[in-house]
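First comes the structure, then the notes that go with it.
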Amino acid sequence: MEKMITCVNCGAKFEQSLVRCPHCGTGYEPAEENEYMDSLDDIRTELQSHKDDGQKRLKKGLSKTILIITVILALIVAMIVSGMLISSKLDNNRRQQQKEEFRSNQGITSSQENSEK
Ligand SMILES: [Zn+2]
């Protein structure tokens with residue numbers, strides 16, 4: 001990007017390549033340029049700090065997103081595990097039921113078994 005010069009006379013900003021102010025025709029002095037470069041450096045430093053802030057904010061947002069994803073994954077895992085537990089319980093119940101049906105088919109019900117004890 002072209003360096004911008006502030007006119008010593010009228011304060012207008014113009015590109016360094018123009019050498020003279022397009023408004024009043026005053027040539028810029030190197031001393032003035034140095035001063036301007038200093039202020040440019042300040043602006044650059046400020047911009048850099050803003051950029052760092054932005055990156056920090058981005059990282060913060062990213063870690064927040066990772067946290068949310070972790071929580072969601074944990075919930076999904078918990079749901080899967082509880083679903084497996086429930087289905088295995090249901091399986092056990094079904095097996096138990098089938099066992100009792102098998103017994104009752106043979107004429108031995110679980111109630112009779114209990115009364116025999
Ligand atoms: Zn000027």
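Counting starts at 1 for both ligands and their atoms, following the listed order.
Side-chain atoms of Arg20 come within 3.5 Å of backbone N or O of Gly25 as a donor-acceptor pair.
The Zn ion (ligand 1) is the vertex of the angle joining SG of Cys10 and SG of Cys21, which measures 110° to the nearest 10°. Remark: at the Zn ion (ligand 1), atom SG from Cys7 and atom SG from Cys24 enclose 100°, rounded to the nearest 10 degrees.
Not one N, O or S atom of His23 sits under 2.8 Å from the Zn ion (ligand 1).
Contact detail for Cys24 and Cys21: the closest heavy-atom pair is N-SG, 3.4 Å. Annotation for Thr6 and Gly11: closest pair CG2-O, 3.6 Å, computed over non-hydrogen atoms.
The closest side-chain heavy-atom distance from Asp42 to Asp38 is not below 4.5 Å.
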